[in-house]
Structure formats: structure tokens, C-alpha cells
Amino acid sequence: MFRHPLLIALSLLFLQSQAQADGLPYTTGEAGERAMNRDFLAIKISGAQIEEISKSGVISLDKQQLKKLRVYYPEFPATAGVASSTFNDNLERFEADVDVIWWYADEIRVPLLDFSGAEAAGMPSREPWCMIEDALVRIAPDGTPYRKGQKTTYRAILAAIDEAATKPVRYPNERPSLRVIVPPPHRHGWIELNRGVAKDILPENASTEANKAIPRIFEFLEAYAHARGLSLFKTW
């Protein structure tokens, strides 16, 4: 069937914008399994970089990492905000932006955009996706909680929820919301949760395997907040 070239081009642009508007380029199945839906570059990260992301939502890339990335994106910044791969909703993306996705505890992934337009693809922001002061807590892959860039305890996080629950609301039926950044899973095997964290938040005999314990920690915080009239949401 004959189709005008201009209509074909417009259709392709529409499909590209639809794909970008639906969130970051990966899918999550019912069992929580994740899969990238485009080519990507995987970059292994160090313990110091894991801690940096956990504290601030930002990564400082080393020379070797930048060398790999700049083969594809010559303008890739040395510092970039990192999106957690445990949340992928409420993102409307209509431009060709390159993202840094925290995929495993020790790995980030950078999607490779097939971008041949007149303008270069947008590079990652140097700012975190969720500003430090906007998150109730950022949870590290070993369960360590960080609040406002500083290591804290879950007892302090519960106290912060209690404090938030006392603040006045504009409307009687309003349920204020709090945001939590949950880390991606460890790639292999049994990784023990931080011992201090396990003692602080987990009940006796609960699994201390980080990949199992961290979702339970989020569920506990969510239930605790809900009981005090607050909503708790995952975010980037």
C-alpha cells in the first residue's frame, strides 16, 4: 500500500515520543523481574560510588568509565543524577534524553539512543532525580538509611514520619505523601544486610538477605506511614 513519505516520518516521530513518554526504557514484570527494552552500556561501579548514589542520588564517574561512555556520547558529564530502577512511573519524556539507571547494586546502565536528528541528545542532569531534601529516606543496597545526605537510623526515620504526621493539611481529607528511594537488587547470591540495620528495623528471625529484607523494610515504612495518615511512595 502506498504511503506518503511525510506521513511515514510523522508516524515514526509519534511512536518515538510515545515510547519516551512512558518512562525509562525498561519494563518490570509481575514478579518484579526487569528487562531493558533497548541497547545499553553497562558500567560496573565501586563501593565508593554506591555510597555516593545512596547518599545523594548522584554519581561521579572515573576516567575509565567516562572513556567508555564518551565513545557513544562525547559530551557525557563527569557527574550525573542517577535514576533508581525500582520505580518507573509518572515520567513523561518527550525529548531524547540520555539517562543513568541504577540497575544492580554495583552497576549502572546507560541506554543507547538511536538519535539522528538535527539536535544532539540531551545529556544527563548533574542534579539528582529527587533532591536530597525531598526524600524521607534513601536506602542503600545494604539497607543503610540516608536522610538529607547523612547516614541515619530507622528509628530516626520513624520519628520523621511521626513529625510529618503532625503537620497541618490544607484539606480535611488530604493524605500527605512522603518519598523513598529504594535501591536495586544485588546481582548474585546471598548478600547480608548491614548488621546494625537488621538490629534496628527487622524482627527476630527475619531474613537478613538484602534482596529480601529491603522490600520488607519499605513495606514496613509504608504501613507505618499509612497508620499515621500519610502515604509513602517509591521515587527516583
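We find the CD1-CD distance between I101 and E107 to be 11.0 Å, quoted to the nearest 0.5 Å. The line from CD of Q150 to OG of S56 is 11.0 Å long, rounded to the nearest 0.5 Å. Rounding to the nearest 0.5 angstrom, the gap separating the CG atom in L24 from the CE atom in M36 is 8.5 Å. Rounding to the nearest 0.5 angstrom, the gap separating the CG atom in N173 from the CZ atom in R170 is 14.0 Å. Here the OG atom belonging to S207 is positioned 4.0 Å from the CH2 atom belonging to W190, to the nearest 0.5 angstrom.
A cation-pi arrangement is present between R34 and Y104 under the rule of less than 6.0 angstrom and at most 45 degrees off the ring axis.
Closest approach of L202 to A213, counting heavy atoms only: CD1-CB, 4.1 Å. Nearest heavy-atom pair, F218 versus V182, reported as atom, atom and distance to 0.1 Å: CD1-CG2, 3.9 Å. When all heavy atoms are compared, the tightest approach of D142 to H186 is N-NE2, 4.3 Å. For A140 against P183, the heavy-atom pair with the smallest separation is O-CG, 3.5 Å. In terms of heavy-atom proximity, W236 sits nearest to D89 at CH2-O, 2.8 Å. Contact between A135 and R138 at its shortest, heavy atoms only, is CB-CG, 4.4 Å.
Aromatic ring pairs are classed by plane angle as parallel below 30°, tilted from 30° to 60° and perpendicular above 60°; the pair W103 and Y26 is perpendicular.
Contact annotation: the side chain of Q65 never approaches that of S60 to less than 4.5 Å [non-hydrogen atoms, C-beta and beyond]. In this structure the side chain of V197 reaches within 4.5 angstrom of the side chain of P145, judged on heavy atoms. A heavy-atom distance below 4.5 Å is not found between the side chains of T235 and D134. Residues P176 and V169 are in side-chain contact: their nearest non-hydrogen atoms beyond the backbone lie under 4.5 Å apart. Side-chain contact between I157 and L136: present, with at least one pair of heavy atoms (C-beta onward) separated by less than 4.5 Å. With contacts defined as side-chain heavy-atom distances shorter than 4.5 Å, the pair K68/I43 qualifies. Counting only heavy atoms from C-beta outward, the side chains of L193 and I217 approach each other to under 4.5 Å. Residues D106 and K44 are in side-chain contact: their nearest non-hydrogen atoms beyond the backbone lie under 4.5 Å apart.
In the model, T79 has no side-chain atom that pairs as donor or acceptor with a side-chain atom of R126 under 3.5 Å.
I59 and Y146 are assigned to two separate hydrophobic clusters, defined by single-linkage of ILVMFWY side chains at heavy-atom distances under 4.5 Å. A chain of hydrophobic side-chain contacts below 4.5 Å, direct or via other Ile, Leu, Val, Met, Phe, Trp or Tyr residues, connects I139 to L232. Taken together through direct or relayed side-chain contacts under 4.5 Å among Ile, Leu, Val, Met, Phe, Trp and Tyr, L113 and L66 form part of one hydrophobic cluster. In the hydrophobic clustering of this structure, W102 groups with M123; members are Ile, Leu, Val, Met, Phe, Trp, Tyr whose side-chain heavy atoms approach within less than 4.5 Å, directly or through other members. Residues V180 and I53 are members of separate hydrophobic clusters, defined by side-chain heavy-atom contacts under 4.5 angstrom among Ile, Leu, Val, Met, Phe, Trp and Tyr.
Take R155 and apply the side chain to side chain donor-acceptor pair (under 3.5 Å) test, not counting sequence neighbours, and it matches D200. Not a single salt bridge (Lys or Arg N to Asp or Glu O under 4.0 Å) links K67 to another residue, sequence neighbours left out. Evaluation of the side-chain contact (heavy atoms from CB on, under 4.5 Å) rule for R228 yields I161, D162, A165, Y224 as partners, not counting sequence neighbours.
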I would like to know whether D99 and V82 meet side-chain contact (heavy atoms from CB on, under 4.5 Å); could you show each step before the answer?
-> CA-CA 7 Å; D99 297 307; V82 179; over 6 Å; no
Step by step, would you call L230 with S177 a side-chain contact (heavy atoms from CB on, under 4.5 Å)?
-> CA-CA 6 Å; L230 305 171; S177 61; over 6 Å; no
Chi angles and distances behind the side-chain contact (heavy atoms from CB on, under 4.5 Å) call for L61, I108 = CA-CA 11 Å; L61 298 158; I108 56 171; 4.0 Å; yes
Decide side-chain contact (heavy atoms from CB on, under 4.5 Å) for I201 and T153; before the verdict, give the C-alpha distance in whole Å, the side-chain angles of both, and the deciding distance to 0.1 Å.
-> CA-CA 9 Å; I201 191 71; T153 67; over 6 Å; no
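Although no hydrogens or angles enter the test, the distance criterion places a donor-acceptor pair under 3.5 Å between the side chain of Q49 and the main chain of S46.
Tested against V100, the residues P111, S125, P77, P124 include a single side chain to side chain contact (heavy atoms under 4.5 Å, CB included) partner, P124.
A salt bridge between K212 and E209 is present, with a side-chain N of the basic residue lying under 4.0 Å from a carboxylate O of the acidic one. Taking a cutoff of 4.0 Å between a charged side-chain nitrogen and a carboxylate oxygen, K148 and E133 do not qualify as a salt bridge.
Heavy-atom contacts from other residues, nucleotides or ligands closer than 6.0 Å to CZ of R70 number more than 12. Remark: E174 CD is packed, more than 12 non-hydrogen atoms of other residues, nucleotides or ligands lying under 6.0 Å away.
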